[in-house]
2 protein chains.
Amino acid sequence: MNKSDKRSDILQVTLELIAERGFHDAPMSEIAGKAHVAAGTIYRYFENKDILINELFREIGDKLLEAILNNYPEGKPVQEQFSHVFGELCRYFLTNPLHFRYMEQFFNSPYGISKRRDKLSGKNIHQDKRDTLQEIFDEGISKLILKDLPMSVLSSLAIGPMLYVIRDHTLGFVVLDESLIRRITEACWDAIKR
Amino acid sequence: MNKSDKRSDILQVTLELIAERGFHDAPMSEIAGKAHVAAGTIYRYFENKDILINELFREIGDKLLEAILNNYPEGKPVQEQFSHVFGELCRYFLTNPLHFRYMEQFFNSPYGISKRRDKLSGKNIHQDKRDTLQEIFDEGISKLILKDLPMSVLSSLAIGPMLYVIRDHTLGFVVLDESLIRRITEACWDAIKR
DNA sequence: ATTGTATAAATGAACATTCATTCATTAAAA
DNA sequence: TTTTAATGAATGAATGTTCATTTATACAAT
């Protein structure tokens, strides 16, 4: 039995419970039960519930970033980089719908808000990987012929629609296939190109 | 003292607490206290917490729709209708940031998800007003020269970015003024027009 | 191999809070 | 006087966390 066995069991169950039922209604006791672990054991791996929640967010973020950076077309035209990031983001979340629901809830809860606030006020102590993603957009966007809009607006124009469409997909409002993903990517590109 | 005095006090405090601190961490006792009302009084107006939460959502939705339908350019070109809806949506949320944070959390929680699921499966008992908004988009979008994409994708392309930008605004990442709103609206239009 | 010992991991009942909700009682209104 | 509204202490269920105790593991000496 691997040392991280229980730890990842706990994270997996936390993911499932919170993604499906929200932060409230995901009691530690139930997490423990579903992970086949005693209640107290969780606290050997995570100091408290908040830290568990934040740690899970971090791990999902890392995996997502890894997926995006894989085969990243370094040095290629911005539009190609853009399409790559979009496609991978989309494919990742379609493959991992629970990750998507978790991230969505996290970002739209006080957890995510305080995280963004910290970032804004420069409290980001360790120059972590998530900034790399930001840099990719930064560089890619400012170099080429894009609309003269604030950085954060451009990334909203680019990312916003995709996340909404993914949500609709997970709810069955629309079926996202490769062809549709491509066409949405193009539409987003239309929004940001000059 | 108006009959709905206490009722709206309760709703207002619920809005403030949940918008700022999330669904968890908004205890009924504190809502009661801040609304200068006894704990039990809440239950004279709202059967339970869930109903309170859903009712608040409904009321905010009504106000938002009212703002959007005010001066709606009936019969005018789709692009103009589009700009109108966008501008009003944006202005409403900038004026009522708490409403924005509440809606965001609601939609991204199991509350909102089940609401959307009901809608999809036709459980929408009373053909309510929120469908009117959908119809406006439906009609406006399908009539003109827009990209041949599924309805839900088009509305994601249109609405998604704006909501993200508003979130950034409320967090101080960007300052939304009238000129910027207009330019974002144009960018979104670029995304959906053929 | 076997035993003994020290360290680490895991347990789950117990605890202290917190929370939504109830209801007997009081105050206000009609 | 009757009806309606409001109160807030009490209730009971749920929850996050702790900790004394048990179990497993690693390793040394025999």
Side-chain angles (χ1 to χ4, degrees), chain A residues 1-59 101-102 105-106 109-115, chain B residues 1-59 101-102 105-106 109-115:
Chain A
M1 197 206 273
N2 196 329
K3 190 228 165 187
S4 62
D5 218 0
K6 286 193 202 308
R7 197 188 120 95
S8 59
D9 282 357
I10 292 164
L11 283 169
Q12 176 63 22
V13 171
T14 305
L15 168 68
E16 289 165 11
L17 267 182
I18 292 182
E20 280 160 19
R21 296 182 359 206
F23 289 115
H24 73 303
D25 211 17
M28 294 297 258
S29 55
E30 194 170 347
I31 291 173
K34 289 218 163 71
H36 306 110
V37 149
T41 305
I42 297 178
Y43 292 83
R44 288 201 57 78
Y45 296 94
F46 307 96
E47 203 177 321
N48 57 46
K49 196 181 182 182
D50 266 26
I51 284 176
L52 167 61
I53 287 170
N54 278 285
E55 178 62 19
L56 179 53
F57 169 76
R58 220 185 48 74
E59 296 212 355
R101 291 241 26 82
Y102 186 86
Q105 287 192 67
F106 187 93
S109 74
Y111 291 110
I113 296 302
S114 73
K115 199 144 225 124
Chain B
M1 197 204 273
N2 196 330
K3 192 226 162 189
S4 61
D5 218 359
K6 286 194 202 309
R7 198 188 119 96
S8 58
D9 283 356
I10 292 165
L11 283 170
Q12 176 62 25
V13 171
T14 305
L15 168 66
E16 288 164 10
L17 266 181
I18 291 182
E20 281 161 16
R21 295 182 1 204
F23 288 114
H24 73 300
D25 211 18
M28 294 297 258
S29 55
E30 195 171 346
I31 291 173
K34 289 218 163 72
H36 306 107
V37 150
T41 305
I42 297 178
Y43 291 84
R44 288 199 58 78
Y45 296 94
F46 307 96
E47 203 177 322
N48 57 46
K49 195 180 181 181
D50 266 26
I51 285 176
L52 168 61
I53 286 171
N54 278 284
E55 179 61 18
L56 180 53
F57 169 76
R58 220 185 48 74
E59 297 213 356
R101 290 241 28 80
Y102 187 87
Q105 286 192 69
F106 188 92
S109 74
Y111 291 109
I113 296 300
S114 73
K115 198 141 227 125

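A, B, ... follow the sequence lines: proteins, then strands. Residue 1 opens every chain.
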Could you state the [atom1]-[atom2] distance from [X] to [N], rounded to the nearest angstrom?
X	N	atom1	atom2	answer
B:D50	C:dA20	CG	P	11 Å
A:R21	D:dA14	CZ	C1'	13 Å
B:R44	D:dA6	CZ	C1'	7 Å
B:Y43	C:dA24	OH	C1'	18 Å
A:F46	D:dT18	CZ	C1'	18 Å
A:I53	D:dT15	CD1	P	14 Å
B:M28	C:dT18	CE	P	18 Å
A:F23	D:dT15	CZ	P	16 Å

Starting the side chain at C-beta, find the nucleotide from [options] nearest to [X].
X	options	value
B:K6	D:dA6, D:dT17, C:dA8	D:dA6
B:K49	D:dA6, C:dT21, D:dG8	C:dT21
B:T41	D:dT7, C:dA20, C:dT11	D:dT7

If you measure from CD on B:Q12 to CG on B:L56, what distance do you get to the nearest 0.5 Å?
->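 Those atoms lie 9.0 Å apart.
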Given that A:D25 and A:G40 both sit by DNA chain D, which one's nearest nucleotide is further toward the 5' end?
->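 Result: A:D25.
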Start at the 5' end of DNA chain D and walk down; is the nucleotide closest to B:H36 or to A:N48 reached first?
->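 Closest to the 5' end, via its nearest nucleotide, is B:H36.
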Stepwise side-chain contact (heavy atoms from CB on, under 4.5 Å) check, B:I53 with B:F106 = CA-CA 9 Å; B:I53 286 171; B:F106 188 92; 3.9 Å; yes
With no hydrogens and no angle check, is any side-chain donor or acceptor of B:Q105 less than 3.5 Å from a backbone partner on B:I18?
->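 Looks like yes, one N/O pair under 3.5 Å.
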Taking only side-chain nitrogens and oxygens of B:Y45, does any of them come within less than 4.0 Å of OP1 or OP2 of D:dA5?
->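 It does not, given that no N or O in the side chain of B:Y45 lies less than 4.0 Å from OP1 or OP2 of D:dA5.
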Heavy-atom neighbours of A:E47 CD exceed 12 at 6.0 Å |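 For A:E47, atom CD is not crowded (no more than 12 foreign heavy atoms under 6.0 Å).
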Using atom types as modelled, flag every donor-acceptor pair under 3.5 Å from a side chain in residues 27-34 of chain A to any protein atom, sequence neighbours excluded.
residue: A:E30; atom: OE1; partner: A:R21; partner atom: NH2; Å: 3.0
residue: A:E30; atom: OE2; partner: A:R21; partner atom: NH1; Å: 3.0
residue: A:E30; atom: OE2; partner: A:K34; partner atom: NZ; Å: 2.6

Relative to the 5' end of DNA chain C, which residue comes earlier, A:A39 or B:A26, by the nucleotide with the nearest heavy atom?
->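 Taking each residue's closest nucleotide, the earlier one in sequence belongs to A:A39.
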